[in-house]
Amino acid sequence: MTMTKEPADSNTAVHGCASCQEAAPDAGHAPEQPEPAHERINRRWNEILQETRVAQTGVQILFGFLLSVAFTPLFRDLGTADRVIYVATVVLGASATGTLIAPVSIHRFLSGQRMKDEVVEAASRLMMCGIVLLALTIGCTLLLILRVVLPSVLAEVMAGGVMLWFVLCWYVLPLRLRRSAAQRGDT
């Protein structure tokens with residue numbers, strides 16, 4: 001794990017974190033200097049590492065659960081539609097797992113090759129793809145489980161509602177925040 005040491009200043013000490021410096025400017029401090037390119041790429045890489053750790057843990061636990069389902073007695077009683085949903089879910093889970101672990105492999109292969117910009121960009125794109133695959137895996141898992149305990153139409157409506165919530169939280173909100181910041185000239 002790569003750790004960076006944050007410079008201590010009065011805002012960090014008062015507010016508890018360096019990122020609060022922008023939120024609570026001190027009249028005695030000059031505006032923040034632009035971030036140098038090498039610091040920006042290092043920050044982006046550290047952010048991707050943290051995000052990857054969170055996503056990898058979730059997808060690996062979910063994938064492990066999915067693999068165990070086929071060995072339960074109830075699995076034999078699943079109808080054709082539920083088996084198709086199960087197979088699609090396992091394939092999506094495997095794809096999400098591979099996609100979310102790919103940045104680690106890329107980093108290992110390219111470490112020391114002075115390609116950090118390219119590695120960060122590829123890892124960022126893989127994370128976005130992996131998050132989509134993870135959302136689809138969760139949606140299909142939820143649909144499969146709900147179809148076992150609820151009437152089919154209600155299960156589909158509920159799973160669809162959860163997927164809509166994911167789209168709103170994971171995609172619409174960040175894009176809206178980005179557009180709002182661009183309109184203010186923050187980016």
Side-chain angles (χ1 to χ4, degrees), residues 1-6 17-23 32-67 69 84-144 159-187:
M1 183 166 104
T2 305
M3 299 294 289
T4 58
K5 186 174 180 177
E6 294 291 330
C17 70
S19 65
C20 295
Q21 293 173 18
E22 294 173 22
E32 231 179 90
Q33 296 296 319
E35 185 178 35
H38 72 278
E39 286 182 19
R40 180 182 51 79
I41 201 73
N42 286 335
R43 177 186 49 79
R44 286 187 66 210
W45 177 248
N46 287 330
E47 289 171 354
I48 287 171
L49 285 177
Q50 293 302 324
E51 294 163 359
T52 301
R53 286 182 184 115
V54 170
Q56 280 179 351
T57 302
V59 76
Q60 288 170 344
I61 291 169
L62 180 57
F63 188 56
F65 161 75
L66 289 170
L67 292 176
V69 168
V84 168
I85 293 170
Y86 173 77
V87 169
T89 305
V90 169
V91 170
L92 285 167
S95 299
T97 301
T99 304
L100 291 171
I101 293 175
V104 175
S105 177
I106 290 171
H107 181 260
R108 272 300 99 220
F109 274 99
L110 300 178
S111 181
Q113 301 296 312
R114 300 181 190 271
M115 297 179 64
K116 197 168 216 174
D117 287 340
E118 294 87 350
V119 169
V120 168
E121 188 59 36
S124 180
R125 291 180 188 275
L126 285 164
M127 283 295 297
M128 289 304 299
C129 181
I131 290 169
V132 170
L133 291 168
L134 176 58
L136 292 171
T137 304
I138 292 170
C140 288
T141 302
L142 183 62
L143 178 61
L144 183 63
V162 169
M163 291 308 298
L164 178 61
W165 181 249
F166 276 25
V167 167
L168 290 172
C169 292
W170 290 10
Y171 304 102
V172 173
L173 178 60
L175 291 173
R176 185 172 181 187
L177 291 171
R178 179 191 284 180
R179 185 178 331 132
S180 177
Q183 288 173 347
R184 286 192 319 263
D186 291 350
T187 56

- [ ] Sequence neighbours left out, what pairs pass ring-ring contact (aromatic ring centres under 6.0 Å, His included) with at least one residue falling in residues 116-137?
- [x] none
Open item on the list: Under 3.5 Å, is there a donor on one side chain and an acceptor on the other for R176 and S180?
Closed with: no
Task: Partner set under side-chain hydrogen bond (donor to acceptor under 3.5 Å, both in side chains) for E47, not counting sequence neighbours - done: R43
Task: Heavy-atom check, side chain of L168 versus side chain of L173, under 4.5 Å - done: no
Task: T137 side chain reached by L66 side chain, heavy atoms, under 4.5 Å - done: yes
Looking at residues at least two apart in the chain, or sitting in another chain, which of them share a side-chain contact (heavy atoms from CB on, under 4.5 Å) with [X]?
X	value
P36	H38, E39
L144	D82, I85, Y86
V162	L142, F166

Table please: side-chain donor-acceptor pairs of residues 99-107 below 3.5 Å, with sequence neighbours left out.
{"unit_1": "T99", "atom_1": "OG1", "unit_2": "S95", "atom_2": "O", "d": "2.7"}

Atom pair [atom1]/[atom2] of [X] and [Y] - distance to nearest 0.5 Å:
X	Y	atom1	atom2	result
C169	L164	SG	CG	9.5 Å
K116	I41	NZ	CD1	7.5 Å
D117	M115	CG	CE	10.0 Å
T97	L92	OG1	CG	10.5 Å

Please tabulate, one pair per line, all N/O donor-acceptor pairs under 3.5 Å involving side-chain atoms of residues 121-136, not counting sequence neighbours.
{"unit_1": "E121", "atom_1": "OE2", "unit_2": "R125", "atom_2": "NE", "d": "3.2"}
{"unit_1": "E121", "atom_1": "OE2", "unit_2": "R125", "atom_2": "NH2", "d": "3.4"}

Open item on the list: Can you pull out every salt bridge (Lys or Arg N to Asp or Glu O under 4.0 Å) where at least one residue sits in residues 92-104? Sequence neighbours excluded, please.
Closed with: none
- [ ] Please identify each residue that fulfils ring-ring contact (aromatic ring centres under 6.0 Å, His included) with F63, with sequence neighbours left out.
- [x] none
